[in-house]
Amino acid sequence: GENVEQHPSTLSVQEGDSAVIKCTYSDSASNYFPWYKQELGKGPQLIIDIRSNVGEKKDQRIAVTLNKTAKHFSLHITETQPEDSAVYFCAARGDAGGTSYGKLTFGQGTILTVHP
Amino acid sequence: EPEVTQTPSHQVTQMGQEVILRCVPISNHLYFYWYRQILGQKVEFLVSFYNNEISEKSEIFDDQFSVERPDGSNFTLKIRSTKLEDSAMYFCASSEKGLLGELFFGEGSRLTVL
């Protein structure tokens, strides 16, 4: 089955700096890669996603890049703000030969702390 | 904005007791999921549910677990005889389009088994 590895486990930056979180996946059939932000006591919230027919996607201060050949994808947050502090999870999803109905495999999570 | 709601937010139970966690998915969604997150670990897939039946389940989802959509709006996860290792945050999620759509997660139900 799919395995997703995420690095780093913790990331500390100063407000205004950029933050980059990287993930690798094992199943070349995976074709959908969402990123979730989880604040304390809350469920994961989708912040951006990318599909395998696209190399990069941007939404204001957040961007995701995908390298299908290397099987890795990254989250980039520019001009970080204290409210960006949270746990970020990457995930991957394939179609498992048509038997999957959207199962996501998650990375371990990255605790991002943005210092004012 | 529509959201997935879960109850209870926290449940404490004794080992061996039955627990039911409830979820109300987003109203026009057709695909439903349960995930769990043991403290400090990855979010793990448990089960997906579509068209009133389980479509996929993980090895975690053994005979002690069951899911049900009893009334067209609720989606429940039952653990028949809880074990200490069932202590975790359980997240319900729903999707309009399954494989083609985004998953929206609820805020979770924290289960503590003593």
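Just so it is clear, the structure is predicted and the values come from calculations on it, not from any experiment. Every chain is numbered from 1 and lettered A, B, ... according to where its sequence line falls, protein lines coming before strand lines.
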Could you tell me whether the side chain of B:L103 reaches within less than 4.5 Å of the side chain of A:L46, counting heavy atoms only?
no

More than 12 heavy atoms of other residues, nucleotides or ligands under 6.0 Å from [atom1] of [X]: is that the case?
| X | atom1 | value |
| --- | --- | --- |
| A:Q60 | CD | no |
| A:K58 | NZ | no |
| A:E15 | CD | yes |
| B:D63 | CG | no |
| A:Q45 | CD | no |
| B:L114 | CG | yes |

Cluster overlap A:W35 with A:V87, hydrophobic side-chain contacts below 4.5 Å
no

Check whether A:V20 and A:I47 end up in the same hydrophobic cluster, where Ile, Leu, Val, Met, Phe, Trp and Tyr are linked by side-chain heavy atoms less than 4.5 Å apart.
no

Distance from [X] atom [atom1] to [Y] atom [atom2], nearest 0.5 Å?
| X | Y | atom1 | atom2 | answer |
| --- | --- | --- | --- | --- |
| B:S58 | A:K103 | OG | NZ | 7.0 Å |
| B:F105 | A:Q38 | CZ | CD | 9.5 Å |
| B:E107 | A:K42 | CD | NZ | 5.5 Å |

Examine whether an atom of A:P44 lies under 4.5 Å from a heavy atom of chain B, and if so say whether it belongs to the side chain, the backbone or both; otherwise answer neither.
both

At under 4.5 Å between heavy atoms, what parts of residues 34-46 of chain B are in contact with chain A? List them by residue number.
B:Y35, B:Q37, B:K42, B:V43, B:F45

